[in-house]
Amino acid sequence: MNDLATYNFAYLDEQTKRMIRRAILKAIAIPGYQVPFASREMPMPYGWGTGGVQVTASILGPEDVLKVIDQGADDTTNAVSIRAFFQKVANVAVTTRTKEATIIQTRHRIPEEKLSEGQTLVYQVPIPEPLRFLEPRETETRKMHALEEYGLMHVKLYEDIARNGHIATTYAYPVKVEGRYVMDPSPTPKFDNPKMHMSEALQLFGAGREKRIYAVPPYTDVVSLDFDDHPFEIQSFDKPCALCGAEDVYLDEVILDDKGGRMFVCSDTDHCEDRRACGHAGHMLARQEAAE
Amino acid sequence: MSTLPLLKVNDLSKFYGSRIGCRNVSFELYAGEVLAIVGESGSGKTTLLSCLSTRLMPTSGIVEYHMRDGQYRDLARMGEAERRFLMRTDWGFVHQNPADGLRMTVSAGANVGERLMAVGDRHYGNIRATASDWLERVEIGVDRIDDQPRAFSGGMRQRLQIARNLVTSPRLVFMDEPTGGLDVSVQARLLDLVRGLVHDLGLAAVIVTHDLAVARLLSHRMMVMKDGAVIEQGLTDRVLDDPREPYTQLLVSSILQV
Amino acid sequence: MATPLVVSEVAKSFTMHLRDGVRRPVVANVSFSVKAGECVVLGGPSGVGKSSILKMLYGNYGVDEGQILMDHDGKLVNLATAEPRTVLEVRRTTLGYVSQFLRVVPRVSALDIVAEPLQARGTPIEEARAHAAELLSKLNLPRELWSLPPATFSGGEQQRVNIARGFITDHRILLLDEPTASLDAKNRAVVVELIAEKKAKGTALIGIFHDEEVRDAVADRILDVSAFSPRKAAA
């Protein structure tokens, strides 16, 4: 049954895709540098991933396999909606398995599975400017990036330590890319920062409302900012995943009942399913099976 | 004392259309010298200070600065990156309103430490120690290091601004009415502090003020400006005690005795 | 140099622009010299220009004509035409001045005011303060006052701080403007002694003393400044 409305492949017209691709190429050529682009009106409001969607739409081809995650999960409303959107306007194959995807659009997490050459990770970015909260003037922040004046970034970290005894920033932790530009990795937990370093995959960042695209090419130096005597550290969790027993992954807290019961499970749902399929079991799973 | 001037100003003029900001100003400033630029409102002293500190581009004339590597550089020809770097390291600029020269929403320690972080210091403990040191030198209690300047009095803010400027051991400091707006007793304290620091650190300074007492206390040399022109200059005590020009005589005689 | 100070054909007048440009000549054709170890007293009636000459010698007043030559560290400097920084250097090492009035700096103690000229020449603060204490003791300034800023001192107390500050260094030329004006007999005698010590060290002194006793005790030569009166010069 034909719909009355038909869409160009991946919703955007070809000229728009060219414009965005040019911005992407420029971004790849200058790792970490925020390239302005003519962000289009998308069929979802600002704040719902329009930047990521535009980047994905511009690089998507009929042969691609798309995975969309939101806070690590494939099954939340946003992930489901965006995945459905691309199925409709591009008729592209979709998957929840990280290993099988060629393009992964993500909101606020990097998959636990190590990415490989040929894969592209597209991040949804709310505020691309890492200095924004310290220096509200766009004129000033542009100059700071241009002149590599990043003292202010360390001022923020200094303040953290002065106030909290340690660097309290736990997500959107600023990084220095290829030794030149300071970049906001999007609100991913700092736990994920090391994954950005020397990744085999191409990492693209899109901010729709702020109209900026930036990129980290494969095999690029990405170093989290810190102090010599307060080095960058990632979060660690006391217990492994309650469902699959994975250690060294980022866990989400799930409230179980109104008596304070809670469990910690993998934020990356695909990773968790994978492990369980291979026979790993966490203590909650074991208990469930015992109950059955 | 060095035999080469730190700052060479030649025939500096700034016009706003046909309106004169300042005209034909020439002088040399040596390391350790404090020059007061004195005049009433509209005399051109603030314009001159802005041109010297590269905040404004002059209409004509040259300002040359003796860099640490021994070269003289024409400040107008310097790239912006270099100029900004100079302003953060070798120079200081103390604003009349301290809020203009501070980050009000960041702690005192961070305010003082920012320049250090800007030039690559990466050891939190050392930065904090240096900041504490400087807070002490400007007589701010070290226990206020984590407080924001929003909670400070005017005098304290001004002293913090001074510390923020001096932490990178600049050789030249510009000051725009540093005691303007402060209570008299607070002024006295600040002036004494500035006098001491300038002396201890061998700073060269250009201080704009309308207050002749400030000029007398802080400066070695003085320039009197009127309608954009320098009408008299020389040794401070000579200009104040033996004024030659009519306007200078008028200024000096107008000081109220207490 | 045996004659550290030579004044040659100096003239000065004031033009009072606030009084319609009235020109008041002060002195003309001032010429004299002072030898090391000599104390020359400037004499003459009040208003004849004694204080003005002293101030010109210090660089505090400008000079219209003539030269004020000083031996500054083996070099000859003409103070009348010297750059401000040269004048400051000369003041720091060669030329001292005890003025009539103490200009008070807020918050600095009497002891530190006296110690400052030594400190400016590189003497460590503790040593400088020790010397200052010595002088202030000699001048009988009560010990309790040493740590206080002199703003609230009496005229005599301020004068003694001034004197101590002027005498603490070993400047080769010392200018004294009524140094004993507010002092009692005991302290006047101390000043006379201090001057004698300076002379013995080879310092050239030029002073104005209204007190005849002191003048007679210290003067090697009295120079009548009325000889430099502009009317006389014109005649």
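All chains are named by letter (A, B, ...) in the order of the sequence lines, taking the proteins before the strands, and each is independently numbered beginning at 1. Fair warning: this is a prediction, and the values are worked out from it, not measured in the lab.
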Which of the residues [options] is involved in the greatest number of heavy-atom pairs with chain A at under 4.5 angstrom?
{"options": "B/Ser107, B/Ala81, B/Ala118", "value": "B/Ser107"}
{"options": "B/Gly79, B/Ala110, B/Gly120", "value": "B/Ala110"}
{"options": "B/Arg122, B/Arg88, B/Arg128, B/Glu114", "value": "B/Arg122"}

If I measure from the heavy atoms of chain B, does [X] come under 4.5 Å with its side chain, its backbone, both, or neither?
{"X": "A/His154", "value": "both"}
{"X": "A/Tyr150", "value": "neither"}
{"X": "A/Glu148", "value": "neither"}

Six-ring centre of [Y], [X] cation under 6.0 angstrom, axis tolerance 45°:
{"X": "B/Lys14", "Y": "B/Tyr16", "result": "yes"}
{"X": "B/Arg55", "Y": "B/Phe93", "result": "yes"}
{"X": "B/Lys8", "Y": "B/Tyr72", "result": "yes"}

I'd like to know whether CZ of B/Arg19 has more than 12 heavy-atom contacts from other residues, nucleotides or ligands below 6.0 angstrom.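 No, not enclosed.
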Take atom CD of A/Glu41 as the centre, draw a 6.0 Å sphere, and report whether it contains more than 12 heavy atoms from other residues, nucleotides or ligands. no
Polar contact flag, side-chain donor to acceptor under 3.5 angstrom, B/Tyr124-A/Asp228: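 No, because no side-chain N or O of B/Tyr124 sits under 3.5 Å from a partner of the opposite role on A/Asp228.
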Is it the case that A/His108 and A/Tyr171 place a side-chain donor and acceptor less than 3.5 Å from each other?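 A/Tyr171 and A/His108 do not have a side-chain donor-acceptor pair below 3.5 Å.
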What option among A/Lys143, A/Arg163, A/Lys156 has the most heavy-atom pairs under 4.5 Å with chain B? A/Lys143
Checking heavy atoms, do the side chain of B/Glu82, its backbone, both or neither come under 4.5 Å from chain A?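 Neither the backbone nor the side chain of B/Glu82 comes within 4.5 Å of chain A.
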Of the backbone (N, CA, C, O) and the side chain (C-beta and beyond), which part of B/Arg115 lies under 4.5 Å from a heavy atom of chain A, both, or neither?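 Contact with chain A is absent: no heavy atom of B/Arg115 under 4.5 Å.
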